[in-house]
K.L.:
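Please see the structure below; I have some questions.
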Amino acid sequence: MPVLAGAEPFRHEGGEVAVLLCHGFTGSPQSLRPWAEHLAEHGLTVSLPLLPGHGTRWEDLRITGWQDWYAEVDRELRALCERRAKVFVAGLSMGGALALRLAARHGDAVSGVVVVNPANKVHGLAAHALPVVRHLVPATKGIASDIAKPDSRELGYDRVPLHAAHSLRQFFRIVDGELPQVTQPVLLLRSPQDHVVPPADSARVLSRISSTDVTEVILEQSYHVATLDHDADRIHEESLAFIGRLAPGLVKEPGLGKEGTTTGG
């Protein structure tokens, strides 16, 4: 299936500091595109891949699982580490869980972690029924576009395939068990008003990681997809400052970084 207009992956070849951005479940790179472009404008190398099963139609997601999504970002991280001095991982929602697992498994190869409303668990009584219900019901109502800003929309599926949701639940359990292996500096940004991922997920992440350099930022004006919401600029500024602190002298002002090439829609 062709990729939906706006859901294309984004890559920018910049300087020696690289950032791997991971989008969320049923979403697409579109939800992180402004963030990626902001980092690129400051001279950073940026990779924002399209996860398997995403960005086309929800039926394509139904035949994928967490192993496919994680393998994609793992490949991207390894490629960045081969050619850049410092690599950071970042993500929204499920993308935050992917970023945290990359940090847990790759250790010193990851210089820092930035997560926005990271997901840690599939909540509700329905979650316990997923192993059975997924064989009876193909999909349920979508979760995309939880945004307070009236003129902003997320490009995501209007249905959640239950086979994929079951795999996501398994993935969250795995990541939760690996969180103590996260020792890198962490910047966690969360929205108190989030209709997809409850505050308990961020609290769980903060309580389980072993990092000693941890910053929590509250996004008062945004819902779940804060990267497209009222606090998007704050996410851009806080993440850039975080990266700049950990990679002094390597983050440039707009227009002063290494001239690079950008690919994507």
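Starting from 1, each residue takes its place in the sequence as its number. On a predicted model such as this, the values are computed, not experimentally measured, just so you know.
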K.L.:
So H54 and L61, side chain to side chain contact (heavy atoms under 4.5 Å, CB included) or not? Walk me through it.
P.N.:
CA-CA 6 Å; H54 292 76; L61 183 57; 3.3 Å; yes

K.L.:
Give a yes or no on whether the backbone of P180 and the side-chain of S210 come within a donor-acceptor separation of less than 3.5 Å.
P.N.:
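Yes.
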
K.L.:
Just verifying a value: how many Å separate L187 CG and L240 CG, rounded to the nearest 0.5 Å?
P.N.:
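Reported value, rounded in 0.5 Å steps: 11.5 Å.
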
K.L.:
Between atom CG of L21 and atom CG of L32, what is the distance when rounded to the nearest 0.5 Å?
P.N.:
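Interatomic distance, L21 CG to L32 CG, rounded to 0.5 Å: 5.5 Å.
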
K.L.:
Output the distance between atom CD (E13) and atom CG (L44), rounded to the nearest 0.5 Å.
P.N.:
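Those atoms lie 12.0 Å apart.
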
K.L.:
Distance from I143 atom CD1 to E154 atom CD, nearest 0.5 Å?
P.N.:
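One gets 8.0 Å once the value is rounded to the nearest 0.5 Å.
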
K.L.:
Would you say D213 and R245 make side-chain contact, with heavy atoms under 4.5 Å?
P.N.:
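D213 vs R245: side chains touch.
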
K.L.:
Between E37 and F10, is there a side-chain heavy-atom distance shorter than 4.5 Å?
P.N.:
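When only atoms from C-beta onward are counted, E37 and F10 do touch, with a gap below 4.5 Å.
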
K.L.:
For the residue pair S93 and F25, establish whether any side-chain heavy-atom pair is separated by less than 4.5 Å.
P.N.:
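No, every pair of side-chain atoms sits at 4.5 Å or beyond.
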
K.L.:
Taking the side chain as every heavy atom from C-beta outward, state whether W35 and L39 have any pair of such atoms under 4.5 Å apart.
P.N.:
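Contact flag for W35/L39 side chains = yes.
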
K.L.:
Is W69 reachable from I63 through a run of hydrophobic residues whose side-chain heavy atoms are each under 4.5 Å from the next?
P.N.:
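No; W69 is not reachable from I63 via cluster members.
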
K.L.:
Does E220 come within less than 4.0 Å of R234, counting only side-chain N to carboxylate O?
P.N.:
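No, this pair does not count.
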
K.L.:
Test of understanding: clusters of I, L, V, M, F, W, Y form through side-chain heavy atoms closer than 4.5 Å, transitively. Do L50 and F171 belong to the same one?
P.N.:
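In one cluster: no.
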
K.L.:
Any carboxylate oxygen within less than 4.0 angstrom of a Lys/Arg side-chain nitrogen, looking at R204 and D176?
P.N.:
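The answer is yes: the pair qualifies as a salt bridge.
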
K.L.:
Main chain of L51, side chain of H23: is a donor-acceptor contact present, judged purely on distance under 3.5 Å?
P.N.:
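Judged by distance alone, yes, a pair lies under 3.5 Å.
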
K.L.:
Would you name the heavy atoms of S211 and T183 that are closest together and state the gap between them?
P.N.:
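Where S211 meets T183 most closely, the heavy atoms are OG-C, 3.4 Å.
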
K.L.:
Has the side chain of S191 got a donor or acceptor atom that lies under 3.5 Å from a matching backbone atom of Y223?
P.N.:
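Here the side-chain-to-backbone pair exists.
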
K.L.:
Do D201 and R190 make a side-chain contact, defined as non-hydrogen atoms from C-beta onward lying under 4.5 Å apart?
P.N.:
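No. Closest side-chain heavy atoms not under 4.5 Å.
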
K.L.:
Minimum heavy-atom separation for H236 to H38, with atom names?
P.N.:
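Minimum heavy-atom separation between H236 and H38: CB-CD2, 3.4 Å.
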
K.L.:
Checking side chain to side chain contact (heavy atoms under 4.5 Å, CB included) for the pair S47/L20: CA distance, chi angles, key distance, verdict?
P.N.:
CA-CA 5 Å; S47 176; L20 169 58; 4.0 Å; yes

K.L.:
Identify, with sequence neighbours excluded, every residue that meets side-chain hydrogen bond (donor to acceptor under 3.5 Å, both in side chains) alongside S202.
P.N.:
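Testing S202 for side-chain hydrogen bond (donor to acceptor under 3.5 Å, both in side chains), a comparison that skips the adjacent residues, returns none.
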
K.L.:
Could you give the distance from CG (L246) to NZ (K86), rounded to the nearest 0.5 Å?
P.N.:
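Between atom CG of L246 and atom NZ of K86 there are 7.0 Å.
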
K.L.:
Run the side chain to side chain contact (heavy atoms under 4.5 Å, CB included) check on Q67 and S167 step by step: do they pass?
P.N.:
CA-CA 9 Å; Q67 297 91 338; S167 183; 4.2 Å; yes

K.L.:
Counting N and O atoms only, with roles assigned by atom type, does the side chain of T45 sit under 3.5 Å from a partner on the main chain of G15, one being a donor and the other an acceptor?
P.N.:
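Judged by distance alone, yes, a pair lies under 3.5 Å.
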
K.L.:
Could you name each residue pair satisfying side-chain hydrogen bond (donor to acceptor under 3.5 Å, both in side chains) that touches residues 141-151, not counting sequence neighbours?
P.N.:
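Output for this query lists D146-H195.
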
K.L.:
Does any N or O in the side chain of E8 come within less than 3.5 Å of the main-chain N or O of G6, such that one atom is a donor and the other an acceptor?
P.N.:
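Indeed, once roles are kept as given, a pair shorter than 3.5 Å links the two residues.
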
K.L.:
If you define the side chain from C-beta out and look only at heavy atoms, does anything of H12 sit under 4.5 Å from E41?
P.N.:
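A side-chain contact under 4.5 Å is absent here.
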
K.L.:
Would you indicate whether the side-chain heavy atoms of K121 and P198 approach each other to under 4.5 Å?
P.N.:
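They are not in contact (no side-chain heavy atoms under 4.5 Å apart), so the answer is no.
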
K.L.:
To check you understand the geometry: which heavy-atom pair defines the closest contact between A36 and L48, and what is its length?
P.N.:
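Answer, listing the atom of A36 first, then L48: CB-CD2, 3.9 Å.
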
K.L.:
Return yes when atom CD of E59 has more than 12 non-hydrogen atoms of other residues, nucleotides or ligands closer than 6.0 Å, and no otherwise.
P.N.:
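Buried by this count: over 12 neighbours within 6.0 Å.
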
K.L.:
Find the distance between CG (L162) and CZ (R62) and round it off to the nearest 0.5 Å.
P.N.:
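Between atom CG of L162 and atom CZ of R62 there are 8.5 Å.
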
K.L.:
Go through it in stages, so that I can follow the logic: the residues are F88 and L80, the test is side chain to side chain contact (heavy atoms under 4.5 Å, CB included), and I'd like the CA-CA distance, side-chain angles, deciding distance and then a yes or no.
P.N.:
CA-CA 10 Å; F88 293 79; L80 288 173; over 6 Å; no

K.L.:
With no hydrogens and no angle check, is any side-chain donor or acceptor of D158 less than 3.5 Å from a backbone partner on G142?
P.N.:
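Side chain of D158 to backbone of G142: no pair is present.
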
K.L.:
Strictly distance-based, threshold 3.5 Å: is any side-chain N or O of S152 a donor or acceptor partner for the main-chain N or O of L228?
P.N.:
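Yes; judged by distance alone, with no hydrogens or angles, the pair exists.
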
K.L.:
Flag the pair C22 / V89 as yes when at least one side-chain heavy-atom distance between them is below 4.5 Å, and no otherwise.
P.N.:
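No. Closest side-chain heavy atoms not under 4.5 Å.
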
K.L.:
How far apart are the closest heavy atoms of S31 and V225, and which atoms are they?
P.N.:
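Result for this residue pair: CB-CG1, 4.2 Å.
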
K.L.:
Holding to side-chain contact (heavy atoms from CB on, under 4.5 Å), I want the full list of residues that pass it with A7, two or more places apart in sequence or in another chain.
P.N.:
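Here the qualifying residues are V3, L4, S28, L155.
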
K.L.:
Output all residues satisfying side-chain contact (heavy atoms from CB on, under 4.5 Å) with Q221, sequence neighbours left out; order by chain, then residue number.
P.N.:
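So Q221 forms a side-chain contact (heavy atoms from CB on, under 4.5 Å) with H230, D231.
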
K.L.:
Is V19 linked to V217 within one hydrophobic cluster, defined over Ile, Leu, Val, Met, Phe, Trp and Tyr using a side-chain heavy-atom separation of less than 4.5 Å?
P.N.:
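V19 and V217: one cluster.
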
K.L.:
Checking R169 side chain against A165 main chain: does a donor-acceptor pair fall under 3.5 Å?
P.N.:
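Between the backbone of A165 and the side chain of R169 there is no qualifying donor-acceptor contact (under 3.5 Å).
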
K.L.:
Test of understanding: with side-chain hydrogen bond (donor to acceptor under 3.5 Å, both in side chains), list the residues that count as partners of T56, not counting sequence neighbours.
P.N.:
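Residues passing side-chain hydrogen bond (donor to acceptor under 3.5 Å, both in side chains) with T56: D60, Y157.
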
K.L.:
Would you say V214 ends up clustered with V205 if hydrophobic residues are merged whenever their side chains have heavy atoms under 4.5 Å apart, either directly or through other cluster members?
P.N.:
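Linked, V205 and V214 end up in one cluster.
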
K.L.:
Show every donor-acceptor pair shorter than 3.5 Å between a side-chain atom in residues 98-114 and any protein atom, with sequence neighbours excluded, or say none if there are none.
P.N.:
| from | atom 1 | to | atom 2 | distance (Å) |
| --- | --- | --- | --- | --- |
| R101 | NE | E178 | OE1 | 2.8 |
| R101 | NH2 | E178 | OE2 | 3.3 |
| H106 | NE2 | D74 | OD1 | 2.6 |

K.L.:
Which heavy-atom pair separates L206 from I209 by the least distance, and what is that distance?
P.N.:
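Looking at all heavy atoms of both residues, the shortest contact is O-CG1, 3.8 Å.
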
K.L.:
Ignoring hydrogens, what is the shortest heavy-atom contact between D194 and V197? Give both atom names and the distance.
P.N.:
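Looks like OD1-N, 2.8 Å.
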
K.L.:
Ion pair present between E82 and R78, side-chain N to carboxylate O less than 4.0 angstrom?
P.N.:
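Salt bridge absent between E82 and R78.
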
K.L.:
Where the side chain of D229 meets the backbone of I147, is there a donor-acceptor pair that is under 3.5 Å apart?
P.N.:
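No, the answer is negative, given that no donor and acceptor are paired below the 3.5 Å cut-off.
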
